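A short write-up of the structure that comes next.
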Amino acid sequence: LWKVLFVFAIAPAICEEFLFRGFVLSSLGRLKPVWAILLSSVLFGLMHVLTSQVLAVERFLPSTFMGIILGLIAVCTRSLWPAVIVHGLHNGLLLTTSHYQDAIRRFGILSEDQEHLPVTWLVTGGAMLFGGLLLIVWLGKRTASAQSPAPLLSEH
């Protein structure tokens with residue numbers, strides 16, 4: 001599992017964040033940040049559709065949405081590393097869930113007859129999302145007050 005996580009979660013998170021948020025998003029600095037984030041996210045979504053052996057159109061919207069979140073994180077924190085961490089955790093969670101799917105099903109989770117995720121998962125996920133958003137806002141304010149000399153995007 002550790003080798004799989006490194007090859008398919010950590011390495012892609014680093015490479016994709018440096019490409020899409022570091023290079024593409026930063027190079028769109030002439031646009032308003034909202035448009036730069038949207039354009040780089042659409043390109044991120046398209047890349048995830050075209051990288052499979054088959055044309056995986058169903059990956060476009062989730063990947064684009066994830067790109068928007070990662071772009072907001074990078075712009076708000078003015079750093080690629082928080083986006084790399086979130087991206088790596090996302091990939092790692094998907095891979096770990098897939099790796100342990102038989103053990104998870106033995107607990108009655110992710111079974112075919114189950115219609116929804118367990119309430120505890122939903123509440124925990126919602127709390128983590130809220131906490132993460134607060135952390136991003138706090139880091140963004142802290143970074144902005146420190147007057148970072150090299151913002152990820154110039155403000156318009």
Side-chain angles (χ1 to χ4, degrees), residues 1-101 103-104 110 117 121-122 124-156:
L1 180 61
W2 290 107
K3 290 177 187 176
V4 170
L5 288 174
F6 180 77
V7 171
F8 294 108
I10 297 168
I14 294 169
C15 294
E16 290 175 10
E17 289 312 307
F18 273 81
L19 174 62
F20 286 98
R21 260 53 72 188
F23 179 71
V24 175
L25 183 61
S26 293
S27 68
L28 296 172
R30 292 184 178 162
L31 299 175
K32 290 184 179 185
V34 170
W35 291 111
I37 290 169
L38 286 175
L39 181 57
S40 66
S41 298
V42 166
L43 293 172
F44 182 73
L46 285 172
M47 189 272 305
H48 282 85
V49 168
L50 301 174
T51 57
S52 302
Q53 295 288 354
V54 213
L55 200 61
V57 179
E58 69 278 359
R59 293 178 67 184
F60 177 72
L61 286 178
S63 297
T64 301
F65 182 68
M66 185 66 174
I68 291 169
I69 292 170
L70 295 169
L72 286 170
I73 291 170
V75 169
C76 287
T77 62
R78 295 183 177 171
S79 172
L80 293 177
W81 292 109
V84 168
I85 291 168
V86 170
H87 194 155
L89 287 172
H90 173 265
N91 291 352
L93 180 64
L94 292 176
L95 288 167
T96 303
T97 304
S98 175
H99 183 79
Y100 289 111
Q101 70 182 357
I104 291 170
L110 302 178
L117 287 173
W121 283 32
L122 295 173
T124 303
M128 292 177 73
L129 174 64
F130 183 72
L133 291 173
L134 287 177
L135 181 63
I136 290 167
V137 169
W138 177 74
L139 284 173
K141 287 181 181 179
R142 187 172 157 218
T143 305
S145 68
Q147 302 269 339
S148 176
L152 196 59
L153 284 177
S154 61
E155 298 292 324
H156 289 127

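These values consider heavy atoms only, across backbone and side chains, with no hydrogens, waters or symmetry-generated copies. Since the structure is predicted, the reported quantities are computational estimates derived from the model, not experimental observations.
- By the ring-ring contact (aromatic ring centres under 6.0 Å, His included) test, F20 pairs with F44, sequence neighbours left out.
- Taken from CD1 in I85 to OG1 in T77, the straight-line distance is 9.5 Å, to the nearest 0.5 Å.
- Residues V49 and R59 approach most closely at CG2-C, 4.2 Å, considering heavy atoms.
- To the nearest 0.5 angstrom, C76 atom SG is 7.0 Å from I37 atom CD1.
- In this structure, S26 contributes its side chain and G22 its backbone to a donor-acceptor pair below 3.5 Å.
- For Y100, the ring-ring contact (aromatic ring centres under 6.0 Å, His included) criterion is met by no residue, not counting sequence neighbours.
- Closest of all the heavy-atom pairs between A9 and G92 is CB-N, 3.6 Å.
- In this structure the side chain of V75 reaches within 4.5 angstrom of the side chain of L25, judged on heavy atoms.
- With rounding to the nearest 0.5 Å, the separation of CD1 in I73 from CG in L133 is 8.0 Å.
- Taking the six-membered ring where the residue is Trp, W81 and F18 present perpendicular rings, their angle passing 60° and hence far from 30°.
- To the nearest 0.5 Å, atom CG of residue L72 and atom CZ of residue R21 are 10.0 Å apart.
- Remark: F8 engages V4, L95 in a side chain to side chain contact (heavy atoms under 4.5 Å, CB included) (not counting sequence neighbours).
- Contact record, N91 with P12: ND2-CB, 4.4 Å, taken as the closest heavy-atom pair.
- Rounding to the nearest 0.5 angstrom, the gap separating the CG atom in L38 from the CG atom in L43 is 11.0 Å.
- In this structure, the side chains of M66 and V86 come closer than 4.5 Å at one or more pairs of heavy atoms.
- Using modelled atom types, one side-chain atom of S27 and one backbone atom of V24 make a donor-acceptor pair closer than 3.5 Å.
- When atom types are taken as modelled, the side chain of S41 and the backbone of I68 share a donor-acceptor pair closer than 3.5 angstrom.
- Atom CG of L135 and atom CZ of F130 lie 12.0 Å apart (nearest 0.5 Å).
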